[in-house]
Asks: 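After the structure tokens below, expect a handful of questions from me.
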Amino acid sequence: MSSIGSVMVSSPSQITVQIDSLEVFESNKSELQVGKYIKIEDGNHNFAIAIVKNIAGKNDDDNWVFTIDATPIGALIANGSSYEFKKGTPVLPVPTEPVYIMDSSTLDILFSNDGAFNFNIGTLSNNVAVNFNLHGNRFFSKHIGIVGSTGSGKSCAVSRILQNVVGITPDGYALHGQQNNSHIVIFDLHSEYAAAFDIPGEKNFTLNNLTVDALQLPYWLMNSEELESMFIESSESNSHNQMAIFKRAVIANKKKHNPLLLDATYDTPCYFSISEVVNYIDNIDREVIGRKEGEGKPKLVDGTLIENQDESYFEARLTFVVSSTAAATKATNGPFHGEFNRFISRLETRLSDDRLRFLLKPTKPDGERFCTNDFNLLLQQFIGYSNKSNVTIFDLSGVPFEVLSVTVSLLSRIIFDFSFHNSKLKHAEGEENDVPILLVCEEAHNYVPASDSAMYKASRKSIERIAKEGRKYGLSLMVVSQRPSEVSPTIFSQCSNFIALRLTNKADQNYIKGLLPENTSSASEMLPSLGQGEALVVGDASIMPSLVQLPRPIPEPKSASVDVHTVWNENWNEPNFVNVIKRWRKESSED
């Protein structure tokens, strides 16, 4: 292969190349474009690999001079009769060294399915004949960021990657009868992803699809922060008193219902009755203390003195004596009398909200309530072991917005805690975690935003904890968003691999460019002009920063936009208003 030019200027961040002639430039124009690769000899049978950043041409009296600015990203190092690619700048050519276009044989060396680079996600955009493979372990063992504007193919990209993991191919489900050990949990805000795992025919795919009607998420699994976020209004002036009495009631009720647990705490995941807690707080709120000689304790209307509030206040709402200053009936209001009227009203409103049945009134198939001993069943449901599924989808489209943060926080924290304790048990036995989990946070900006709003405190804390600590316990994140600049920076800063599809918002473009390595600057300039399904792939799992065409998944998620103009040009359509309203009201079809 003949050279196309020579090095004029060389530095660790940029190499400037002059093309030999107009004829050479014209004959290689298709391979000399921004985002494509060139290789440069170093005189020792090694080659520097650089990505084209800028192309300039100057015409001086019909004498064309073309120069290329390229960013070095790695090197091909001679290893006997073959070559080995190394990232960084182990080879820096000096001026006058010859430059070559990247031929197909070199691309095959770089991107072939070789050893650990065994996970295919598509083909090179500028050479569809070359498959692009990622290092499977480096990709899934670390956190992944997938970003792209609406319509860029983001949901399809996520679906295709996950289909590859579980063995779904365009021909169906390849792993039927020999299920692999993959474990994927998806937070799906728009009911998109179930369709991507609906495999018809004999070889169907078992999907654990938990809609708000199927999901059973008992409130007693919540920790202290989640409980307080759910039930306490932090902006109220006496919120500290509400927190104190709520904590006292919850701990006492946990001990009442779980006598075999020696040290039940505010955060222990064990059963307690929220209705009994409301009774307790209401009794504290209306409490009257008998002040006759020898009393000094809460006193009921029949004269009974309450010896132990933790034993007496849970079962029912009691009737106390009337406050009085007369010597014969002397009694005074309790220390918190009237303090919790609004608090009790809020608790009762929550408990009567049928939208929150999956949280506050979950039941087993036989109609019985979940108790402490059912934690095993609940945990299996959350990570796909209830029906032996590789993929669990939490369909959060039906979750009321005001409890979305708490729901995401609870689910993600339980999955983290499972991974933590499972890893510790395995390590104690001298083994590695054998149940690694990938948690996919679709539309992450909706529940882990960059803002410090108290509304998202619970979910943000849980997901950020996974971002910072999860990898040690076999729990990885895939953070998906169309507005990366609005996602918690802590989360994206922990991502080691990025798949960036088309981004049209300037703030989002700049944010992603700031997260990417400097040697991808030339390719990242193309983010606003990428085609559908085309992405910049960069990170520890990629042999080098590359523009990749991601294939469409089969089947696809339900994320496609309506072809509005086409539909508008059809004949007038009448919607079925009756059925729409029935679904709206959650009426049964038999009504």
Asks: Would you please say whether a donor-acceptor pair under 3.5 Å links the side chains of S423 and N433?
Replies: yes

Asks: With the threshold set at 4.0 Å, does a side-chain nitrogen-carboxylate oxygen contact exist between K297 and E307?
Replies: yes

Asks: Establish, from distance only, whether the side-chain atoms of N390 and Q179 form a donor-acceptor pair under 3.5 Å.
Replies: yes

Asks: Do T304 and D302 get their side chains close enough for a donor-acceptor pair, meaning under 3.5 Å?
Replies: yes

Asks: Should R291 and E295 count as an ion pair when the cut-off is N to O under 4.0 Å?
Replies: no

Asks: So, E225 and K461, do they make that salt bridge, N to O below 4.0 Å?
Replies: yes

Asks: Report the relative orientation of the aromatic rings in Y173 and F205; use parallel for angles under 30°, tilted for 30 to 60°, perpendicular for over 60°.
Replies: perpendicular

Asks: For F139 and F119, take the angle between the two ring planes, folded into 0 to 90°, and tell me which bin it lands in: parallel under 30, tilted 30 to 60, perpendicular over 60.
Replies: parallel

Asks: Please verify the inter-ring angle class for F416 with F420; under 30° counts as parallel, over 60° as perpendicular, anything in between as tilted.
Replies: parallel

Asks: Are E443 and R483 within salt-bridge range, i.e. N to O under 4.0 Å?
Replies: no

Asks: Would you tell me whether S191 and S397 have side-chain atoms, one donor and one acceptor, within less than 3.5 Å of each other?
Replies: yes

Asks: S481: which residues meet the side chain to side chain donor-acceptor pair (under 3.5 Å) condition with it, sequence neighbours left out?
Replies: H445

Asks: Between D353 and K361 (salt bridge meaning N to carboxylate O under 4.0 Å), is one present in this structure?
Replies: no

Asks: Just jot down the side chain to side chain donor-acceptor pair (under 3.5 Å) partners of D310, sequence neighbours excluded, or say none.
Replies: Y280

Asks: Charged N to carboxylate O under 4.0 angstrom, E464 versus R460?
Replies: yes

Asks: Distance only, no hydrogens: is a donor on one side chain within 3.5 Å (strictly under) of an acceptor on the other, for S149 and S152?
Replies: no

Asks: Going by atom types only, do D188 and H190 share a side-chain donor-acceptor pair under 3.5 Å?
Replies: no

Asks: Would E226 and S409 count as having a side-chain donor-acceptor pair, cut-off 3.5 Å?
Replies: yes

Asks: Using only heavy-atom distances, determine whether the side chains of S182 and N180 contain a donor-acceptor pair under 3.5 Å.
Replies: yes

Asks: If the plane angle is over 60° it's perpendicular, under 30° parallel, otherwise tilted; pick one for Y447 and F187.
Replies: perpendicular

